[in-house]
2 protein chains.
Amino acid sequence: MKWDALEEEPCSLARTVAVIGDRWSLLILRECFLRIRRFDDFQASLGITRHLLADRLKKLVRFGVLRKIPYQEAPKRYEYILTAKGLDLYPIIMSIVHWGNIHMVDARGRPLLHEHKSCGKMFDPVMVCSECGEPLSAKHVHVHPGPGARRSSPLHASARERTKRGAEQG
Amino acid sequence: MKWDALEEEPCSLARTVAVIGDRWSLLILRECFLRIRRFDDFQASLGITRHLLADRLKKLVRFGVLRKIPYQEAPKRYEYILTAKGLDLYPIIMSIVHWGNIHMVDARGRPLLHEHKSCGKMFDPVMVCSECGEPLSAKHVHVHPGPGARRSSPLHASARERTKRGAEQG
DNA sequence: TATTGACAGTTCTAAAATAGAACTTATGGT
DNA sequence: ACCATAAGTTCTATTTTAGAACTGTCAATA
């Protein structure tokens with residue numbers, strides 16, 4: 001499967017994965033949320049090759065996650081900053097960090113602590129239901145096909161269905 | 001940078017990315033949360049090559065995200081099911097889906113709707129502070145070094161610092 | 001004036017990962 | 001014996017990534 005194909009999938013996860021579903025994009029975004037903005041700063045702090053960094057920044061700009069803002073003329077230089085769309089990735093970044101905090105820390109403990117300025121306390125992110133405010137878990141969620149679903153299948157056809165349909169169609 | 005190096009980083013995001021930071025792992029996990037459990041079902045529903053699927057399942061099992069459970073003897077067959085550690089990935093998956101719902105849907109609308117069984121309503125996931133319950137945004141969060149942080153740097157050294165230190169150390 | 005350094009890339013080759021298809025192993029059914 | 005199911009493994013070709021060097025602008029310095 002090609003990356004372009006992912007964007008076309010009738011699945012919000014697949015489409016998002018097309019934007020951020022590779023290791024360097026996620027690491028670049030981490031740096032963005034830590035106020036890194038410039039090419040050489042990304043490069044040095046990540047150890048990414050300049051080639052790939054250029055490529056990924058271009059991709060993130062193309063998807064509207066980052067914007068190139070000139071910060072000096074002569075020679076023209078740009079900073080990469082998060083757009084509103086990019087800032088909306090915060091829950092993804094935070095939930096990834098949180099999972100790592102719970103399941104991947106070594107004996108030394110967390111590399112990072114997060115303080116909520118609004119209440120002044122160190123916190124963990126919690127994902128809750130927008131309607132009732134209760135914490136969410138997979139088993140209390142039921143999935144329905146939405147208006148953009150593929151044909152009659154719940155999400156997309158299950159394995160066996162698709163194999164059969166493929167065979168029927170050609 | 002090699003994948004193994006990511007696991008060693010003093011950063012919970014990098015360590016999590018070592019586990020789920022590639023497109024196929026995320027898509028496989030989507031299927032897991034949709035109750036797909038068997039090799040051929042993953043393969044057919046994702047269109048992933050069998051080679052890569054075997055590789056990714058092995059990796060997810062190694063990291064303790066999936067467990068192989070025998071469902072028949074002779075010939076021995078296994079299902080891949082989410083462990084508790086794997087189920088904890090739900091907020092990551094949901095926040096990815098939600099971002100796609102907001103920013104990547106086409107004119108037809110969302111491919112999927114989510115119902116919260118506890119309250120009976122269609123919902124969106126919201127990330128809140130564990131201490132005060134307010135919705136989180138990047139600008140209300142301040143980052144502090146934790147016990148597992150690298151030396152004296154806030155998260156890890158900034159670009160320029162690291163270049164300099166590298167030069168000093170040889 | 002020539003040199004150095006900062007910055008943001010681009011270009012190159014070698015190594016690694018992925019795609020796509022065929023093959024293997026074990027077993028049960030016809 | 002022959003076919004189907006299931007879960008992989010093996011193979012070659014293509015694509016992606018790593019790593020290093022190179023390019024082009026401009027400012028400051030010797």
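By convention in this document, chain letters (A, B, ...) are assigned in the order of the sequence lines, proteins followed by strands, and residues within each chain are numbered from 1.
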D:dT16, OP1 or OP2 - any side-chain N/O from A:R23 closer than 4.0 Å? no
OP1 or OP2 of C:dT18 sitting under 4.0 Å from any side-chain N/O of A:W3? no
Between [atom2] of [N] and [atom1] of [X], the distance in whole Å:
X     : N      : atom1 : atom2 : value
A:L27 : D:dT17 : CG    : P     : 13 Å
B:D22 : C:dA17 : CG    : C1'   : 11 Å
A:Y80 : C:dA8  : OH    : P     : 8 Å
B:D4  : D:dA18 : CG    : C1'   : 15 Å
A:K76 : C:dA6  : NZ    : C1'   : 19 Å
B:K2  : C:dA15 : NZ    : P     : 12 Å
B:F39 : C:dT24 : CZ    : C1'   : 13 Å
A:R37 : C:dC7  : CZ    : P     : 15 Å

If only atom types and distance count, is the side chain of B:E134 paired as donor or acceptor with the main-chain N or O of A:S118 below 3.5 Å? no
Suppose clustering is done on Ile, Leu, Val, Met, Phe, Trp and Tyr with side-chain heavy atoms closer than 4.5 Å. Which residues sit in the same group as B:L113? B:M122
Under 4.5 Å side-chain linkage, directly or through intermediates, the cluster mates of B:Y78: none
In a table with atom names and distances, give each donor-acceptor pair under 3.5 Å that connects a side chain of residues 55-72 of chain B to protein atoms at least two apart or in another chain.
{"from": "B:R56", "atom 1": "NE", "to": "B:D22", "atom 2": "OD2", "distance (Å)": "2.7"}
{"from": "B:R56", "atom 1": "NH2", "to": "B:D22", "atom 2": "OD2", "distance (Å)": "3.4"}
{"from": "B:K59", "atom 1": "NZ", "to": "B:V19", "atom 2": "O", "distance (Å)": "3.1"}
{"from": "B:K59", "atom 1": "NZ", "to": "B:D22", "atom 2": "OD1", "distance (Å)": "3.1"}
{"from": "B:K59", "atom 1": "NZ", "to": "B:S25", "atom 2": "OG", "distance (Å)": "3.3"}
{"from": "B:Q72", "atom 1": "NE2", "to": "B:P75", "atom 2": "O", "distance (Å)": "3.0"}

Tabulated below should be each protein N or O lying under 3.5 Å from an N or O of nucleotides 23-25 of chain D; please produce it.
{"from": "D:dG24", "atom 1": "N2", "to": "A:R77", "atom 2": "NH2", "distance (Å)": "3.4"}

Salt bridge (charged side-chain N to carboxylate O under 4.0 Å, His left out) filter on B:R77, not counting sequence neighbours, yields none
Partners passing salt bridge (charged side-chain N to carboxylate O under 4.0 Å, His left out) against B:K76 (at least two apart in sequence or in another chain): B:E73
Between its two end axes (five pairs each) the helix from C:dT1-D:dA30 to C:dT30-D:dA1 turns, nearest 10 degrees, through 20°
For B:F33 and B:Y90, take the angle between the two ring planes, folded into 0 to 90°, and tell me which bin it lands in: parallel under 30, tilted 30 to 60, perpendicular over 60. tilted
Using side-chain hydrogen bond (donor to acceptor under 3.5 Å, both in side chains) as the criterion, list what pairs up with [X], not counting sequence neighbours.
X      : value
B:E131 : none
B:K85  : none
B:T49  : none
A:H142 : none

Nearest-nucleotide 5' precedence on DNA chain D, A:I48 against B:Y78: B:Y78
Considering only heavy atoms, which members of residues 49-72 of chain A lie under 4.0 Å from some atom of DNA chain D? A:T49, A:R50, A:L52, A:R56
